[in-house]
Amino acid sequence: MPADSPAIAPAYVLAVDFGGTKVEAALVDSEGRLVEGSRHRRPTGRNATVPELEDSVGGVVRAAFAALPEGARVIGVGIGSAGPIDRTRGLVSPLNVPHWRDYPMRDFVAGVAAGLGLDVPVTLEMDGVAITMAEHWVGAAQGVDNVMGMVISTGIGGGLIVDGRVITGPTGNAGHIGHVEVGDIEGEDTFGSRYALEAMASGPHTVAWAQHQGFAGATGEDLAAAYAAGDPVAREAIARTGTAVGHAIASATALLDLELVAIGGGFSHSTPDLFDHMRAVIANHYFPFVRKVRIVPSALSSEGPLIGAAALIHRAHLLP
């Protein structure tokens with residue numbers, strides 16, 4: 001660059017991740033790195049009212065923006081939200097946040113951004129899409145063009161990249177692997193379907209099943225500790241959940257010819273043995289092309305959802 005040419009200001013995305021228990025925001029650079037001091041979190045939850053949810057979302061967006069380095073610029077806002085969503089209209093209806101139904105999340109965040117003096121694109125996608133884009137960009141799925149990303153946590157979400165392109169569907173809800181039904185394993189009647197994967201294999205639902213078998217703990221952390229200590233009910237619960245997830249992955253692979261599934265989320269860290277149970281299901285499948293799929297942990301730790309939300313802007317060329 002000639003000495004008299006103006007320097008190009010560093011470009012950041014203001015990334016927002018909205019889920020069933022918390023909302024986070026941070027600034028993310030073009031290499032998928034979070035700006036130090038820009039990551040902020042506030043609660044959401046099943047009992048949160050609309051004003052409380054707006055206060056949490058607006059609060060983290062403003063706090064993240066306040067950490068913008070001097071001389072830098074924000075080129076867009078990316079939002080990954082628990083679903084279902086309507087990507088065309090910018091609406092969200094998070095299953096575990098009942099006070100938001102067809103809530104105009106994109107317009108609300110755009111309004112907060114405008115109040116900060118930002119006139120930039122605001123993109124909303126399902127959180128599973130965001131995390132899959134993060135894994136493909138800087139995580140466990142780099143260089144792989146047929147990928148499913150999964151999150152196993154309060155709920156179970158997913159996203160898809162097929163032939164190097166993100167698959168969203170017309171409303172943005174493609175990839176809802178948590179609501180694929182798995183036969184022969186019965187879960188909780190949370191959604192009106194005991195056979196949805198999330199109803200049997202999310203963290204809270206796995207704990208609930210264990211409690212029905214006499215487990216005295218209350219959280220996924222309790223279950224993980226009991227598993228490590230050799231508790232037979234905890235071990236059966238983990239095996240059951242891993243088997244259910246394995247069957248769902250096998251079905252998705254049979255449908256889409258996936259090469260790799262990258263899994264993150266708090267409950268996915270309960271024990272490495274959870275992955276062994278998934279892989280055992282795949283290894284016993286009758287189709288060789290299903291048996292080839294690799295199931296790996298996320299390479300992005302807890303930053304993945306925010307990196308994915310930033311990818312909605314930084315890697316927008318992959319979106320439909």
* **Residues clustering with L300 (ILVMFWY side chains joined when closer than 4.5 Å, directly or via others)** => V28, L34, W137, V138, L306, I307
* **Pairwise side chain to side chain donor-acceptor pair (under 3.5 Å) hits with a residue in residues 111-130, at least two apart** => R87-E125
* Test log, rule side chain to side chain contact (heavy atoms under 4.5 Å, CB included), inputs R240 and W209 -> CA-CA 10 Å; R240 175 179 176 276; W209 182 87; 3.4 Å; yes
* Scan for ring-ring contact (aromatic ring centres under 6.0 Å, His included) pairs involving residues 225-277, sequence neighbours excluded, and state none if there are none. => none
* Hydrophobic cluster partners of I313 (side-chain heavy atoms under 4.5 Å) -> V13, I75
* Structure fact -> Sequence neighbours excluded, the answer for ring-ring contact (aromatic ring centres under 6.0 Å, His included) partners of Y103 is W100
* Exceeds 12 heavy-atom contacts within 6.0 angstrom, atom CZ of R294 -> no
* List in chain and number order the residues that pass side chain to side chain contact (heavy atoms under 4.5 Å, CB included) with E36, two or more places apart in sequence or in another chain; answer none if no residue qualifies. => none
* Can you find a pair of side-chain heavy atoms, one from V166 and one from T168, that are under 4.5 Å apart? -> yes
* Asked: Does the side chain of H314 pick up a donor-acceptor pair with the side chain of D29 at under 3.5 Å?
  -> no
* **Flag side-chain contact, heavy atom, 4.5 Å: I85 against L91** => no
* Those residues that, when tested against A299, pass side chain to side chain contact (heavy atoms under 4.5 Å, CB included) (two or more places apart) -> E135, A140
* **Counterpart residues, side chain to side chain contact (heavy atoms under 4.5 Å, CB included), relative to S153 (two or more places apart)** => V151
* Structure fact -> Note: with side-chain heavy atoms under 4.5 Å as the link, the other cluster members for V281 come out as none
* **Set of side chain to side chain donor-acceptor pair (under 3.5 Å) partners for Q142, sequence neighbours left out** => none
* **Flag, side chain of D17 to backbone of A25, donor-acceptor distance under 3.5 Å** => no
* Asked: Is there side-chain contact between H179 and L95, with at least one heavy-atom pair below 4.5 Å?
  -> yes
* **Pairwise side-chain contact, S93 with R101, heavy-atom cut-off 4.5 Å (strictly under)** => yes
* Under a 4.5 Å cut-off applied to non-hydrogen side-chain atoms, are I263 and I249 in contact? -> yes
* Asked: Should L116 and V74 be counted in the same cluster of Ile, Leu, Val, Met, Phe, Trp and Tyr side chains packed under 4.5 Å apart?
  -> yes
* Should the pair D145-R165 be classified as a salt bridge under the 4.0 Å nitrogen-to-oxygen rule? -> no
* **Charged N-O contact under 4.0 Å between R39 and E24** => yes
* For D257, all residues meeting side chain to side chain contact (heavy atoms under 4.5 Å, CB included), sequence neighbours excluded -> F289, K292
* To do: Determine, using the 4.5 Å side-chain heavy-atom cutoff (strictly less than), whether I167 and M133 are members of one ILVMFWY cluster.
  => no
* Within residues 33-92 or reaching into it, pairs that qualify as ring-ring contact (aromatic ring centres under 6.0 Å, His included) - sequence neighbours excluded -> none
